[in-house]
Novice: 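Supplied in structure tokens, the structure appears directly below.
Predicted model, so just to flag it, every value in this text is computed and none were measured. Just so you know, ligand 1 is whichever comes first in the structure, and atom 1 is the first atom listed for that ligand.
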Amino acid sequence: MLTLVIGNKDLSSWSLRPWLVLKHYGLPFRELKLPLDTPEFFQEIVKYSSARRVPVLIDGEAHIWDSLAIVEYANEKLGGRAWPADPLLRAHARSVSAEMHSGFMTLRQTWPMHATGSNPHVPLPPEGRADVARIQAIWDDCRTKYASRGPWLFGEFSIADAMYAPVVLRFKHYGATGLNAHSQAYVQQWLQNAEMREWISDAEKEP
Ligand SMILES: N[C@@H](CCC(=O)N[C@@H](CS)C(=O)NCC(=O)O)C(=O)O
């Protein structure tokens, strides 16, 4: 059985991504939660990863760290199902996922993820507003091109959706305004998703 080491569900945006991928595709896993910024976290995380960050996926001898490496590993276990089957869509999905993995720093720093509650009083600086505009452009492009295939960014659910899931929670928590129609619909798609609701509900029970 796989074990996914994660941080608090309220805060850990990086943990949310692989958790959603494992849940969506029904890969059985045990969850091991280490509360961020506590002595327990620093004492325990070294047992699982020398990078000292969550998430970490443990599969027998293998300890896989970094959310992108974990979802790629899950994709291999799933026979490649977690990326679009079409090579051009797959390349597009990998591009938007890589852009999320390495970018949007101002948005991440100004609006850290909270799965619970709301705080509409944190203004974004111009660079943060540019991040939101770029994310909307990505979503708009995907939803314009692939809407006939299904409700997710590339029609069917893929890793790309999991990569953008924390942004959805940021938009919700900080009350992002002026979202275009595709972005509003995509946010709703995620907020109605059973696995996302499970994550939020677990976060609400955290101390
Ligand atoms: N690039 C890494 C980032 C992981 C990361 O920064 N995790 C945060 C929690 S969301 C963490 O472990 N913070 C603990 C610390 O920095 O001490 C990934 O994709 O997994």
Novice: Is the backbone N or O of His182 less than 3.5 Å from a side-chain atom of Asn180, with the two atoms forming a donor-acceptor pair by type?
Specialist: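 Yes; judged by distance alone, with no hydrogens or angles, the pair exists.
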Novice: What are the atom names and distances for all N or O pairs under 3.5 Å between ligand 1 and the protein?
Specialist:
residue  : atom   : partner : partner atom : Å
ligand 1 : 1 (N)  : Asp66   : OD2          : 3.0
ligand 1 : 7 (N)  : Val54   : O            : 2.8
ligand 1 : 12 (O) : Val54   : N            : 2.9
ligand 1 : 16 (O) : Arg53   : NH1          : 3.1
ligand 1 : 19 (O) : Asp66   : OD1          : 3.2
ligand 1 : 19 (O) : Ser67   : N            : 3.1
ligand 1 : 19 (O) : Ser67   : OG           : 2.6
ligand 1 : 20 (O) : Ser67   : N            : 2.8

Novice: Using modelled atom types only, decide if a donor and an acceptor are shared between the side chain of His63 and the backbone of Ser49 within a distance under 3.5 Å.
Specialist: no
Novice: Where do Arg81 and Glu156 land on the salt bridge (Lys or Arg N to Asp or Glu O under 4.0 Å) test, with the steps shown first?
Specialist: CA-CA 10 Å; Arg81 276 194 295 139; Glu156 278 181 51; over 6 Å; no
Novice: Name all pairs fulfilling the side-chain hydrogen bond (donor to acceptor under 3.5 Å, both in side chains) condition that reach into residues 21-31, sequence neighbours left out, sorted by first residue then second.
Specialist: Thr3-Arg30, Lys9-Glu31, Trp19-Glu31, Lys23-Glu198
Novice: Taking the six-membered ring for Trp, are the ring centroids of His101 and Trp14 within less than 6.0 Å of each other?
Specialist: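 Here the rings of Trp14 and His101 have centres that are less than 6.0 Å from each other.
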Novice: What class does the angle between the rings of Trp111 and Tyr174 fall in, given that below 30° is parallel, 30 to 60° is tilted and above 60° is perpendicular?
Specialist: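 The rings of Trp111 and Tyr174 lie parallel, inter-plane angle below 30°.
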